[in-house]
Amino acid sequence: MSLHLEHLNPEQLAAVTAPDEHALILAGAGSGKTRVLTTRIAWLIKGARAAPANILAVTFTNKAAREMLTRVTAMLTAASPSSLPRGMWIGTFHGLANRMLRMHHAEAGLPQAFTILDSQDQLAAIKRMSKGMNVDEERFPPRELMYFINGQKEEGTRPREVRVTDETTKGYAGLYAAYDEQCQREGVVDFAELLLRCYELLARNEILREHYSQRFRYILVDEFQDTNRLQYRWLKLLSGHPRPPQAGGSLVFAVGDDDQSIYTFRGANVGNMADFERDFKVRNVVRLEQNYRSHGNILDAANALISNNRNRLGKNLWTSAGKGEPLRVFEGESDNDEARWLVGEVEALARDGTRLSQVGVLYRSNAQSRVVEHALFSRGIPYRVYGGLRFFERAEIKDALAYLRLVAAPDDDNAFLRVVNFPARSIGERTLEQLQDAAKQQNSSLMKAAEGTKVAVFKKLIDDLRAEVQGLPLAEAVEVTINRSGLIEHYKAKREGADRIENLEELVTAAAAFSQEERETESGEAVDPLTAFLTHAALEAGEHQAGEGQDALQMMTVHSAKGLEFDVVFLTGLEEGLFPHEQSVVERDGLEEERRLAYVAITRARNRLYLSHAQTRMLHGQTRYNIPSRFLEEIPQQLVKWLTPRLSKQKAFQPDFSRQTQSPFPRKPQAREVDGFRIGQNVTHPKFGAGVIVDLEGQGSDVRVQVNFRNHGLKMLALAMAKLQAA
DNA sequence: CCGATGGGGCTTTTT
DNA sequence: GCCCCATCGG
């Protein structure tokens with residue numbers, strides 16, 4: 001057998017070869033989680049314990065799904081090249097739900113060619129619904145309504161089941177109902193609906209449920225800590241719970257790490273791990289604690305930090321690699337200072353042969369990237385920032401897709417409104433209002449109502465296009481549609497239109513690359529190519545930006561760094577208020593989630609980890625004085641080497657002359673000082689505790705200081721009265 | 001029909 | 001301070 005089981009450690013082996021029971025694998029960062037998952041699948045198939053068709057593996061991102069498929073395929077074809085894992089279902093929760101809904105669309109109450117709304121589309125649909133109903137958007141902001149609707153759907157709650165406690169909730173529930181009706185009328189489905197609809201399909205249809213739990217004997221779940229309540233319930237149904245495996249139910253193999261749960265804000269429920277253990281009476285819990293990524297000091301820091309969390313299943317990472325070098329801590333005078341220092345270090349690293357692509361710059365929030373980008377740009381260092389608009393989310397791509405959607409499904413009002421007058425064909429607001437009124441009266445789509453009005457020109461365009469495109473290969477159909485839409489001409493006439501035209505051409509390429517195979521695995525065989533491609537565009541927003549293969553510094557939020565690793569990591573902006581973020585401190589268990597976030601950040605580093613913070617930082621147009629993050633304090637000091645003197649730990653304020661010579665980064669003297677107190681100084685107050693002076697004003701006996709306290713926020717105090725102590 | 005202007009807001013993100 | 005959005009005026 002070529003699975004190289006002999007290369008697995010005992011715990012990994014135990015997980016891979018787990019007996020026919022439910023299993024929970026607690027997989028620490030860098031412990032070989034993906035390897036275990038993929039080897040387990042290959043082991044099941046090779047050992048003839050399961051046919052590929054008996055396996056369902058579910059992930060959160062398309063990237064993870066692709067990686068899993070690639071690795072499983074590689075393992076299986078190594079020995080017998082033709083044994084592709086056909087019949088196996090690997091995908092995201094949404095992808096799999098989509099697939100089931102297409103196959104059983106009638107039972108689910110949907111047209112087979114239903115359209116998927118991404119978040120942008122959903123918000124547009126909600127706004128349209130609200131406008132149509134003359135909703136007071138001050139009272140019911142569309143964005144809030146969207147959160148409400150998605151939140152309810154993720155709890156499995158339909159409009160009539162919403163617990164109405166007050167007038168506002170009642171209003172929201174009513175709008176939720178109206179929105180759902182609109183979606184149903186138009187044959188569209190948003191992301192949350194995809195899951196809920198599929199859940200309801202299984203819940204109502206025992207035969208189907210029975211079929212799937214028999215077929216998918218083995219269900220494997222990746223990143224289990226990120227599942228939301230609905231996804232957990234979906235897994236329960238699909239596995240035939242509470243029917244035990246001996247009686248034909250599925251075996252659930254869940255892999256997760258409670259310490260890396262960082263998505264509570266979008267509905268993830270770590271509690272699912274404990275619930276799973278209890279509900280499925282899991283006896284087989286395996287801990288993967290050996291880390292193959294980082295040096296000992298880095299792991300020790302991560303372990304120490306995360307041990308401050310109370311709600312944990314418990315885990316301690318270790319490595320057989322050496323301790324490595326200490327963590328390096330830098331205190332900048334300002335965010336600019338921090339950025340300049342970082343760039344200097346990066347230049348030094350690059351000189352010593354470190355590849356830029358092996359260096360990650362991590363930050364808590366996107367706004368922090370600007371200062372660093374600026375510093376990098378001025379030194380000509382190539383970098384790549386993750387995040388932002390992705391390919392299928394770009395305006396011109398959405399426009400082209402809207403034309404395609406109308407070709408595939410003329411009743412899609414969302415798509416209709418997006419492009420009926422884009423490029424401009426003098427169809428104004430008045431005309432559209434009339435059209436919408438007419439459509440409402442006839443209870444028809446806008447496209448149908450366009451017949452016989454001046455908008456019929458547009459209808460004819462789409463109808464002609466449909467006829468022309470009929471039977472053409474997908475890529476050609478896309479190309480013809482783009483050409484006929486007038487988008488190219490429109491952007492040709494624009495100054496910055498060249499990039500957009502390029503993207504439109506890229507869309508044709510993407511259509512050409514969208515293979516028969518993808519079509520089938522994503523939507524099932526029955527769906528026509530165009531619908532399948534549109535589904536693909538909605539479910540997979542595409543890469544963020546082509547990296548162009550250039551060796552570049554990697555910049556991203558800590559959230560997007562999850563799952564990645566770098567030789568060198570810079571974790572920047574470790575300041576109270578930023579990281580942990582000030583919002584999180586008031587949220588329930590918010591601080592623990594921030595700590596897990598810091599844990600994720602630390603465990604991204606293989607060899608070298610820099611931690612940095614700045615005394616002052618521009619935020620919301622104001623200079624803020626931040627004290628170092630508590631997370632810095634939680635890292636044992638013997639693991640750390642300070643690159644700058646530890647201001648926060650200096651006993652009393654004393655001019656530190658040694659600093660001027662020792663520090664390679666001389667700083668300006670502080671402007672003003674009264675009785676040894678200066679702006680930026682760390683202080684303690686008998687009542688308010690630790691804080692930092694952010695302002696100093698007044699003269700003589702009436703000097704006032706403004707202090708930002710760690711736990712009590714901003715306070716203005718009279719220096720003569722307040723019993724302030726330098727910290 | 002576009003560009004300018006002003007107001008609000010501002011954590012994290014995938015599907 | 002900056003970005004996004006809506007609205008207004010040419």
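Note: hydrogens, waters and symmetry copies are ignored here, and every other heavy atom, side chains too, is used. Chain letters run A, B, ... following the sequence lines, proteins first, then strands; residues in each count from 1.
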Side chain of [X] - closest among [options]:
X	options	value
Ser560(A)	dT15(B), dT13(B), dT11(B)	dT13(B)
Asn62(A)	dT15(B), dT11(B), dT12(B)	dT15(B)
Phe265(A)	dT15(B), dT12(B), dC10(B)	dT12(B)
His559(A)	dT14(B), dT11(B), dT12(B)	dT12(B)

Calculate the interatomic distance between [X] atom [atom1] and [N] atom [atom2]; express it in whole Å.
X	N	atom1	atom2	answer
His536(A)	dT15(B)	NE2	P	11 Å
Leu96(A)	dT14(B)	CG	P	19 Å
Leu578(A)	dT11(B)	CG	P	11 Å
His94(A)	dT13(B)	NE2	P	17 Å
Gln122(A)	dT15(B)	CD	C1'	11 Å
Arg364(A)	dC10(B)	CZ	C1'	13 Å
Glu393(A)	dT13(B)	CD	P	12 Å
Arg143(A)	dG8(B)	CZ	P	17 Å

- Task: Mark this stacking check for Phe60(A) against dT14(B) as yes or no, applying ring centres under 5.5 Å and ring planes under 30°.
- Result: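 Check failed, Phe60(A) does not stack on base of dT14(B).
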- Item | Gap in Å between the two C1' atoms, one belonging to dC3(C) and one to dT14(B), rounded |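 Taking atom C1' in both dC3(C) and dT14(B), they lie 23 Å apart.
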- Message: Would you measure the distance from the C1' atom in dT12(B) across to the matching atom in dC5(C) and give it in whole Å?
- Response: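 Per the computed distance, 22 Å lies between those C1' atoms.
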Please determine if [X] forms a cation-pi arrangement with [Y], meaning its NZ or CZ atom is less than 6.0 Å from the six-membered ring centre and no more than 45° off the ring axis.
X	Y	value
Arg418(A)	Phe416(A)	no
Arg595(A)	Phe631(A)	no
Arg266(A)	Tyr263(A)	yes

- List in numerical order all residues of residues 418-426 of chain A for which some heavy atom is under 4.0 Å away from an atom belonging to DNA chain B.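 Heavy-atom contacts with DNA chain B come from Asn421(A), Ala424(A), Ser426(A).
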Would you classify [X] as touching base, sugar-phosphate or nothing, given that sugar-phosphate means primed atoms plus P, OP1 and OP2, and contacts are heavy atoms under 4.0 Å?
X	result
Glu594(A)	base
Asn366(A)	sugar-phosphate
Lys562(A)	nothing
Tyr263(A)	sugar-phosphate
Glu154(A)	nothing

- Query: Tell me, which pairs form a salt bridge (charged side-chain N to carboxylate O under 4.0 Å, His left out) where one or both residues lie in residues 577-588 of chain A, sequence neighbours left out?
  - Reply: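 Found Glu582(A)-Arg624(A).
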- Query: Taking the six-membered ring where the residue is Trp, are the ring centres of Phe114(A) and His105(A) under 6.0 Å apart?
  - Reply: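 Ring centroids of Phe114(A) and His105(A) are no less than 6.0 Å from each other.
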- Task: Could I get the full list of side chain to side chain contact (heavy atoms under 4.5 Å, CB included) partners for Gln152(A), not counting sequence neighbours?
- Result: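 Scan of Gln152(A) (side chain to side chain contact (heavy atoms under 4.5 Å, CB included), adjacent residues dropped) gives Phe148(A), Thr157(A), Val162(A), Tyr176(A).
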- Message: With a 4.0 Å limit, can you tell me whether Arg390(A) has a side-chain N or O closer than that to the phosphate oxygens OP1/OP2 of dT15(B)?
- Response: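 Looking at the OP1 and OP2 atoms of dT15(B), one of them is under 4.0 Å from a side-chain N or O of Arg390(A).
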- Query: According to a strict under-4.0 Å criterion, is Thr557(A) in side-chain N/O contact with OP1 or OP2 of dT12(B)?
  - Reply: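 Negative; the distance criterion is not met.
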- Can a salt bridge be assigned to the pair Glu154(A) and Arg233(A) using a cut-off of 4.0 Å between side-chain N and carboxylate O?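 No, no charged N to carboxylate O under 4.0 Å.
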- Are the charged groups of Asp259(A) and Arg312(A) less than 4.0 angstrom apart, N to O?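 Looking at Arg312(A) together with Asp259(A), the answer is yes, because their closest N to O distance falls below 4.0 Å.
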- Considering residues at least two apart in sequence or located in another chain, which fulfil the side chain to side chain donor-acceptor pair (under 3.5 Å) criterion with His104(A)?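 Listed in chain order: Tyr212(A).
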- With distance as the sole test, does Thr557(A) use its side chain to make a donor-acceptor pair with the main-chain N or O of Ser365(A) at under 3.5 Å?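 No, Thr557(A) side chain to Ser365(A) backbone: no donor-acceptor pair under 3.5 Å.
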- Could you check His620(A) against Thr92(A) and say which one's nearest nucleotide on DNA chain B is further toward the 5' end?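 It is His620(A), whose closest nucleotide lies nearer the 5' terminus.
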- Just jot down the ring pair (Phe, Tyr, Trp, His ring centres under 6.0 Å) partners of Phe60(A), sequence neighbours excluded, or say none.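 Listed in chain order: Phe93(A).
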- Does anyone know the first and last nucleotide of DNA chain C in reach of chain A, 5' to 3', at under 4.0 angstrom to a heavy atom?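 Here the contact window of chain A covers dG1(C) to dA6(C).
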- Message: Is it the case that the base of dT15(B) and the side chain of Ser119(A) share a donor-acceptor contact (distance under 3.5 Å, atom types as modelled)?
- Response: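 Answer is yes: a donor-acceptor pair is held.
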